[in-house]
Amino acid sequence: MIGMKVFSSELLKDMVAIVTGGGTGLGKKMAQELGQAGASVMLVGRREDPLRATQQELTEMDIACGYVVANIRNPEDVQRTVSETIRVFGLVNILINNAGGQFVQPAEDFSVKGWKAVIDTNLNGTFYMTQAVGRQMIKQREGGVVLNILVNFLHRGASGIAHSVAARNGVYGLTKTLAVEWAKYQIRVNAVGPGLFITEGMMEEMASAGGPSFVETVRQGTPLKRTGRPEELAWLATFLCSPAASYITGEYIRIDGGNSLGGGIQLLPECD
Ligand code: ADE
């Protein structure tokens, strides 16, 4: 299944996508899948080395790809990201808000600085990107798509990352509200909630913060009994960003092997 071609290379023809956190991990995988479906891709991140390496990799796959070194917490960086995308590709049709980050700590020990840092990246940065790209999409009068990458545990919480869960619930509210507010511009706004996907990026850090036992516990608590494959998230993201999802807006779709269901109520014995 890995490397399977799911979408036509015509699906996103002539479309331009910005992917934040696109240099590594799940962001990189989504950028690659959008590119293979025909989109031009602008990668955004704070560190130039992974951005440059990913740009090179995607270019070798015949994907039109650029990058901008930018911190989404900084509105000037965000504006420069949009200007650079327009300068290089002429327009923007898709925004994937994938950049985010957090650290694990009991909420009672959070410093004001730590709390603000997580809110600033995950909520404020996502809003700055969405507003700047949304303004450009409104100006273009061709509609557009915003996809927010959240988490699968929005509604049940996760101990140790209260700041991140709070920020992501803010983005959930933003998703619903902008879906209504921007429908008149034909801009669709959706969110996805991935479960545990092991990549070299953020989720791996989170997994290792909890140790191998954390990953094993998640596996056991997931009806499909495994972690996600990055391409599985990339397929969902590509579908939601494509005209195939033209009647879907304001949705939050979990992709977690059923993990949010827990074990359900088991009247039959489980067997492997
Ligand atoms: N990836 C993680 N945090 C980020 C930030 N603040 N800006 C851009 N990319 C990021």
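Counting convention: from 1, in listed order, for ligands and their atoms alike.
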> In the protein, what heavy atom is nearest to atom 3 (N) of ligand 1, and what distance, to one decimal place, separates them?
Replying inline: R46 NH2, 3.4 Å
>> Tell me whether R226 is salt-bridged to E232, with the criterion being a basic N under 4.0 Å from an acidic carboxylate O.
In response: yes
>> Checking a contact table here: which protein heavy atom is nearest atom 7 (N) of ligand 1, and how many Å away?
In response: I72 N, 3.0 Å
> Taking the inter-plane angle between the rings of F110 and W115 on a 0 to 90° scale, is it parallel (under 30°), tilted (30 to 60°) or perpendicular (over 60°)?
Replying inline: tilted
> Are side-chain N/O atoms of R168 and S164 paired as donor and acceptor at under 3.5 Å?
Replying inline: yes
> Where do P243 and L12 come nearest, in terms of heavy atoms and distance?
Replying inline: CD-CD2, 4.2 Å
> Picking from N148, T175, T126, what satisfies side chain to side chain donor-acceptor pair (under 3.5 Å) with N97?
Replying inline: N148
> Which ligand 1 atoms does A70 reach within 4.0 Å, using its non-hydrogen atoms?
Replying inline: 7 (N), 8 (C)
> Which pair of non-hydrogen atoms, one from I86 and one from Q140, has the smallest distance, and what is that distance?
Replying inline: CD1-OE1, 4.1 Å
>> Would G125 count as a contact residue for ligand 1, given that I'm defining contact as a non-hydrogen atom of the residue lying under 4.0 Å from a ligand atom?
In response: no
>> As an exercise, identify every atom of ligand 1 less than 4.0 angstrom from a heavy atom of G100.
In response: 2 (C)
> Does the side chain of Y128 come under 3.5 Å of the side chain of Q79 through a donor N or O and an acceptor N or O?
Replying inline: no
>> For T121, state whether at least one heavy atom is located under 4.0 Å from any atom of ligand 1.
In response: yes
> Counting each atom of ligand 1 from 1 as listed, which ones have a heavy atom of N71 under 4.0 Å away?
Replying inline: 5 (C), 6 (N), 7 (N)
> Which atoms of ligand 1 have any heavy atom of G45 under 4.0 Å away?
Replying inline: 9 (N)
>> Out of all atoms in ligand 1, which are within 4.0 Å of some heavy atom of A99? Include the element for each.
In response: 1 (N), 9 (N), 10 (C)
